[in-house]
Amino acid sequence: MSTKPSSEGLEKAIISNIQRFSLHDGPGIRTTVFLKGCPLRCIWCQNPETLSAKPEISFRHERCIGCGSCQAACQCGAIIRGNDRRIDYSRCNACGDCAKACPGGALTLIGEEWRPDDLAAELAMDIDFFRESGGGVTFSGGEPLLYPAFLEQACKLLHKRGITVTVETCGFFDRSLMDILVRSADFIYYDLKHMDREKHRELTGRDNLRILDNFSALASTHDCLQPRIPVIPGMNDNIENIRHCASFILSKGIRTIHCLPYNPLGRDKLPWINTIQRPQVFEAQERDKMEELKSLFQKEGVDAIVYS
Ligand code: SF4
Ligand code: SF4
């Protein structure tokens, strides 16, 4: 997808959420910006509202008081009363008027257009927390590199204010964007979801060739490249994959990996939105299993940091 320049020549991006006081998205206390749109389709996706790059309306049936204000507000005839799904997405243009009219908070517009200068000004409000904690801003998603010009401009503005930036990436981006990433990010958090090419395709919709190539190139050009593995029960937590992953990152001169246990809370969001896929739901990862995984990595010579 591409973003269009605004009248001031600044690229815009669609942002689904700005989350303050994040503790796992880089050093210190961070404000995490979730960009909308992702080139992968992981079957365990925990943020399905970021899959589509377009703004979308979500509907939470249990919050609806049946007042009918949404139907009156909608100019497109996209509200279906008495229906648990409520929105006819073939008619909806995501204007957000229904959400503004809804007194119960049942309707929410997910995804708003932001300019980099407005975003930098908003994020700079947290600068005291960043200074005290050694934190900063993290761009996550979705995939931040779907908005390369926006990312570069926003990072420049943040750097000018003395704010550091972490970029979290799935690694599936065109090699021509590598320079932008290297220039823009102080820290790069890079997901390695599965080391087997075909298994990666099965689990995410894409094989891992480009992802591993990009990782290798970044490892030789960026000092703060941090691999991460989202640990999905029964999918990528087997010994073979862990060994392969460990030997790959060691071969690039990297000795630590962050392990993110699967969190099933994302499944609550599924009925609220018009997802373009229905991610599968797994059981929460057991703490013992994560410790086992940590030992496995350690045996291979890699220090694994397990997130809670
Ligand atoms: S977002 Fe706009 S078009 Fe879509 S249902 Fe709400 S009011 Fe109608
Ligand atoms: S405006 Fe909100 S609370 Fe009222 S009927 Fe529509 S969704 Fe329900």
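Indexing begins at 1, ligand by ligand and atom by atom, following the structure's order.
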Considering heavy atoms of the protein only, find what lies nearest to atom 7 (S) of ligand 2 and give residue, atom and distance to 0.1 Å.
-> L107 CD1, 3.6 Å
Report the nearest protein non-hydrogen atom to atom 6 (Fe) of ligand 2: residue, atom name, distance rounded to 0.1 Å.
-> C70 SG, 2.3 Å
I239 CD1: over 12 foreign heavy atoms closer than 6.0 Å = no
Under 3.5 Å: donor-acceptor pair, side chain of Q226, backbone of T256 = yes
Indicate if I15 and F21 have the same hydrophobic cluster label, given that clusters are the connected sets of ILVMFWY residues with side-chain heavy-atom separations under 4.5 angstrom.
-> no
Parallel, tilted or perpendicular, as decided by the 30° and 60° cut-offs, for the rings of F215 and F248 = tilted
Would you call E113 and K36 a salt bridge, taking side-chain N to carboxylate O under 4.0 Å as the test?
-> no
Taking only distance into account, with no hydrogens and no angle test, what donor-acceptor pairs under 3.5 Å do side-chain atoms of residues 62-71 form with protein atoms, sequence neighbours excluded?
| residue | atom | partner | partner atom | Å |
| --- | --- | --- | --- | --- |
| E62 | OE2 | R60 | NE | 3.1 |
| E62 | OE2 | R60 | NH2 | 3.2 |
| R63 | NH1 | G105 | O | 3.2 |

For atom 4 (Fe) of ligand 2, closest protein heavy-atom neighbour = C67 SG, 2.3 Å
Nearest non-hydrogen protein atom, atom 8 (Fe) of ligand 2 = C64 SG, 2.4 Å
Parallel, tilted or perpendicular: which fits the ring planes of H258 and Y189, with parallel below 30° and perpendicular above 60°?
-> perpendicular
Proximal ligand 2 atoms for G66, defined as those under 4.0 Å from one of its heavy atoms | 5 (S), 8 (Fe)
Could you check atom 3 (S) of ligand 2 against the protein and tell me its nearest heavy-atom contact, residue, atom and distance included?
-> I65 N, 3.4 Å
Minimum-distance protein heavy atom relative to atom 5 (S) of ligand 2 | G68 N, 3.2 Å
Kindly identify the option in A106, C102, G105 whose heavy atom sits closest to atom 2 (Fe) of ligand 2.
-> C102
For atom 4 (Fe) of ligand 1, check which protein N, O or S atoms are under 2.8 Å away and list them.
-> C92 SG
Cluster check F172, F139: I/L/V/M/F/W/Y, side chain < 4.5 angstrom | yes
Salt-bridge test for R197 and D207: reply yes if a basic N is under 4.0 Å from a carboxylate O, no otherwise.
-> yes
Mind checking whether R86 contacts ligand 2 via backbone (N, CA, C, O), side chain (CB onward), both or neither, at a 4.0 Å heavy-atom cut-off?
-> side chain
Step by step, work out the side-chain hydrogen bond (donor to acceptor under 3.5 Å, both in side chains) result for N47 and K269.
-> CA-CA 8 Å; N47 295 313; K269 301 173 190 169; 3.2 Å; yes
